[in-house]
Amino acid sequence: MAHLLIVEDDDLLRDALAAQLTQAGHSVSVAADGLAAREQLESTRFDGVLLDLGLPRLDGMDVLRWIRQRLMALPVLILTARDSIEDRVAGLNAGADDYLTKPFIMAELQARLDAMLRRSRLPAFGGSLQIAAGTAKGRALRVDASLPRAWLGEDPLELTQREWALLSLLVANAGQVVSREDVLSAWQADPAEGAAAGASASGHIGSNALEVYVHRLRRKLADSGLTIRNVRGLGYLLESGAA
Ligand code: CA
């Protein structure tokens with residue numbers, strides 16, 4: 001189940017899509033034009049967007065470019081009646097994850113959508129993962145798990161092994177709580193870290209050490225607009241919002 005935004009100015013199609021995807025178990029919001037879509041995207045966190053290209057007030061391509069500047073990780077599936085190769089290529093170049101040409105059948109839409117959402121949830125699957133800035137003013141955080149490297153805006157983010165492991169876990173589970181145990185076992189799974197941890201007197205890395213790394217990572221992410229929230233008794237949560 002995902003929270004989806006359907007952006008489509010054709011009332012019949014929009015209603016049909018909303019009904020179908022609600023029935024499939026998703027939670028669905030709708031927008032009938034580009035500006036309304038942008039307003040919703042600014043205020044609400046979505047797992048995926050179905051985006052018509054021909055829209056009133058603000059064109060679908062402009063919405064897509066706007067999404068890619070601010071919400072890099074948000075999967076977008078384009079719905080288009082523009083079936084020229086140029087339009088499809090332009091859409092994919094502007095950062096769409098997939099597209100469907102109208103008319104399409106619901107079964108194909110569902111299959112494409114499910115595949116897109118699955119890819120976006122598995123950072124290791126495509127080898128790379130990108131994530132948005134937490135606020136419109138924040139610099140986008142980009143994480144590539146396959147390299148592994150991270151950037152804030154255009155600047156590489158210098159991270160120690162432990163900071164990297166912590167950041168990867170938080171990013172892969174953005175919006176969900178990552179437990180202290182998960183972080184500690186990720187650290188110990190790392191061969192170099194495992195040896196270091198095994199050599200310590202207690203045989204494990206303490207929670208105080210974890211607090212120190214969280215604090216450091218918070219400082220490094222300061223101008224991303226992303227916040228690492230301490231959820232008392234549970235763990236940590238990476239979320240959007242002013243720090
Ligand atoms: Ca349209």
Side-chain angles (χ1 to χ4, degrees), residues 1-122 125-126 128-138 140 142 174-175 240:
M1 124 116 202
H3 189 193
L4 303 173
L5 177 64
I6 300 172
V7 190
E8 170 61 66
D9 60 322
D10 180 326
D11 296 345
L12 282 177
L13 181 54
R14 190 177 63 246
D15 290 350
L17 286 168
Q20 183 79 21
L21 295 173
T22 302
Q23 201 183 18
H26 298 299
S27 132
V28 173
S29 299
V30 294
D33 65 68
L35 279 186
R38 209 172 67 181
E39 279 163 22
Q40 295 218 40
L41 288 162
E42 274 173 334
S43 60
T44 310
R45 186 179 175 279
F46 292 98
D47 301 306
V49 180
L50 295 185
L51 179 66
D52 177 32
L53 283 189
L55 290 171
R57 296 175 80 205
L58 184 65
D59 189 64
M61 282 296 289
D62 292 325
V63 176
L64 179 57
R65 286 191 202 97
W66 184 90
I67 288 173
R68 280 299 162 258
Q69 281 167 17
R70 288 164 186 80
L71 303 161
M72 294 173 74
L74 182 64
V76 178
L77 193 153
I78 286 178
L79 307 175
T80 177
R82 305 170 180 177
D83 57 358
S84 79
I85 301 241
E86 288 77 10
D87 280 326
R88 280 183 240 166
V89 170
L92 293 172
N93 279 344
D97 295 270
D98 202 355
Y99 68 88
L100 269 180
T101 307
K102 297 177 195 172
F104 50 82
I105 57 166
M106 285 293 179
E108 183 176 12
L109 171 77
Q110 293 244 359
R112 296 279 194 98
L113 182 64
D114 288 347
M116 184 178 81
L117 293 172
R118 226 169 21 241
R119 283 197 300 274
S120 76
R121 282 177 193 143
L122 292 172
F125 190 77
S128 93
L129 173 71
Q130 300 187 317
I131 190 167
T135 62
K137 274 185 248 153
R142 213 150 40 95
S240 301

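Computed from heavy atoms alone, side chains included, the values below leave out hydrogens, waters and symmetry copies. Note that ligands are numbered from 1 as they come in the structure, with each ligand's atoms numbered from 1 the same way.
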Test salt bridge (Lys or Arg N to Asp or Glu O under 4.0 Å) applied to Arg45 and Asp47, step by step: CA-CA 7 Å; Arg45 186 179 175 279; Asp47 301 306; 3.6 Å; yes
Partners passing side-chain hydrogen bond (donor to acceptor under 3.5 Å, both in side chains) against Thr22 (at least two apart in sequence or in another chain):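 side-chain hydrogen bond (donor to acceptor under 3.5 Å, both in side chains) list for Thr22, sorted by chain: empty.
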Partner residues of Asp62 under the side-chain hydrogen bond (donor to acceptor under 3.5 Å, both in side chains) criterion, sequence neighbours left out: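 With sequence neighbours excluded, Asp62 shows a side-chain hydrogen bond (donor to acceptor under 3.5 Å, both in side chains) to Arg65, given in chain and number order.
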Ion pair check, Arg14 and Asp52, cut-off under 4.0 Å: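 Salt bridge: no.
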Salt bridge (charged side-chain N to carboxylate O under 4.0 Å, His left out) partners of residues 15-31, not counting sequence neighbours, each pair once: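 Counting only pairs at least two positions apart or across chains, no salt bridge (charged side-chain N to carboxylate O under 4.0 Å, His left out) contact touches residues 15-31.
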Heavy-atom closest contact (Ala36 atom, Arg57 atom, distance):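 Minimum heavy-atom contact is N-NH1, 4.3 Å.
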Neighbouring protein N, O or S atoms of the Ca ion (ligand 1) [cut-off: under 3.0 Å, no waters]: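 For the Ca ion (ligand 1), the protein N, O and S atoms that sit under 3.0 Å away are Asp9 OD1, Asp52 OD2, Gly54 O.
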